[in-house]
Amino acid sequence: MAIIEIKNLVKNYGEQEVLKDISFSIKQGEIVSIIGPSGSGKSTCLRCINHLESYQQGDILYQGINTNTKGFDISKYRSEVTMIFQNFNLFNHLSVIENCVIGQVEVLKRNKKEAIEIAYTNLKKVGLENLTDKNVNQLSGGQQQRVAIARALSMNPKVLLLDEPTSALDPQMVDEVLEVIQNLATTGITMVIVTHEMRFARNISNRIIFMKDGNIIEQNDPQTLFTHPQELETQSFLKQFID
Ligand SMILES: Nc1ncnc2c1ncn2[C@@H]1O[C@H](COP(=O)(O)OP(=O)(O)OP(=O)(O)O)[C@@H](O)[C@H]1O
Ligand SMILES: [Mg+2]
């Protein structure tokens with residue numbers, strides 16, 4: 001069954017049509033990467049799914065329920081369908097552990113003791129159990145992104161939306177974050193990843209969606225999409241990554 005279903009989504013910024021009637025669905029446990037040139041609408045698509053952007057037409061269904069239904073609980077939805085941003089979006093004045101506790105207490109109404117235990121477990125998963133009391137702005141980019149991942153996991157999400165999780169990082173920190181995401185992939189969580197890291201997308205994904213100019217041009221399993229792209233636009237996009 002589809003955990004997320006996008007039906008005929010149209011998004012405009014003023015005159016510019018950024019998503020041109022796109023439809024796709026994500027199955028429970030599936031790992032889907034969205035690739036495509038800059039400006040093709042990848043981030044906009046994730047932001048619409050996370051309800052950070054409104055849209056002009058179409059529907060986004062979560063577990064069969066239209067997320068635009070009156071009374072739909074957006075904060076609860078965002079705790080289940082959680083976004084990881086390129087620039088981490090941490091609370092910079094708070095410590096590592098506090099970043100991972102605040103949402104649990106405020107949105108999920110967990111008591112603080114339980115929230116701290118859950119945060120600690122997740123910080124351990126991303127290798128940060130020794131930095132829990134540091135202020136996040138004392139950490140490297142790779143460490144900060146791992147805090148963001150631990151914070152997301154502490155909400156027990158069903159779906160992680162990752163928008164270029166490594167593109168703001170210095171090259172030497174990319175691998176530590178990709179490794180954490182790769183490990184998560186084995187836990188059965190559903191993920192939608194926007195990435196320019198083709199090798200990573202190929203290794204981690206069950207399916208790749210190629211977007212260009214607000215359209216889905218082609219989607220397929222990674223092996224087929226990377227070795228036998230059907231559409232000319234996909235072929236010419238992928239050419240630049242051949243080394
Ligand atoms: N807040 C905004 N206001 C106006 N136009 C926007 C806004 N955000 C994005 N756009 C435009 O929408 C189009 C799609 O942008 P989007 O950020 O979704 O692309 P992308 O595929 O994520 O690109 P990149 O790979 O560079 O991150 C672009 O032409 C962009 O300029
Ligand atoms: Mg983007």
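As the structure lists them, so they are numbered: ligands from 1, and atoms in each ligand from 1.
- With 2.8 Å as the limit, Gln86 does not count as an N, O or S neighbour of the Mg ion (ligand 2).
- At a heavy-atom distance under 4.0 Å, only side-chain atoms of Gln16, from C-beta outward, approach ligand 1.
- Atom 25 (O) of ligand 1 lies below 4.0 Å from at least one non-hydrogen atom of the protein.
- A side-chain N or O of His51 and one of Thr67 form a donor-acceptor pair less than 3.5 Å apart.
- Each of Leu160 and Tyr62 belongs to its own hydrophobic cluster when Ile, Leu, Val, Met, Phe, Trp and Tyr are linked at side-chain heavy-atom distances under 4.5 angstrom.
- Under the 4.5 Å side-chain heavy-atom criterion for ILVMFWY residues, a single connected hydrophobic cluster contains both Ile3 and Val32.
- Judged by a 6.0 Å distance limit and a 45° cone about the ring axis, Arg202 is not positioned over the six-membered ring of Phe241.
- Protein heavy atom at the shortest distance from atom 9 (C) of ligand 1 is Tyr13 CE1, 3.4 Å.
- The parts of Thr44 lying near ligand 1 are both backbone and side chain, judged by heavy-atom distances below 4.0 Å.
- The nearest protein heavy atom to atom 7 (C) of ligand 1 is closer than 4.0 Å.
- Looking at Met211 against ligand 1, nothing comes within 4.0 Å, counting heavy atoms.
- A donor and an acceptor atom, one from each side chain of Asn137 and Asn92, are nowhere located under 3.5 Å apart.
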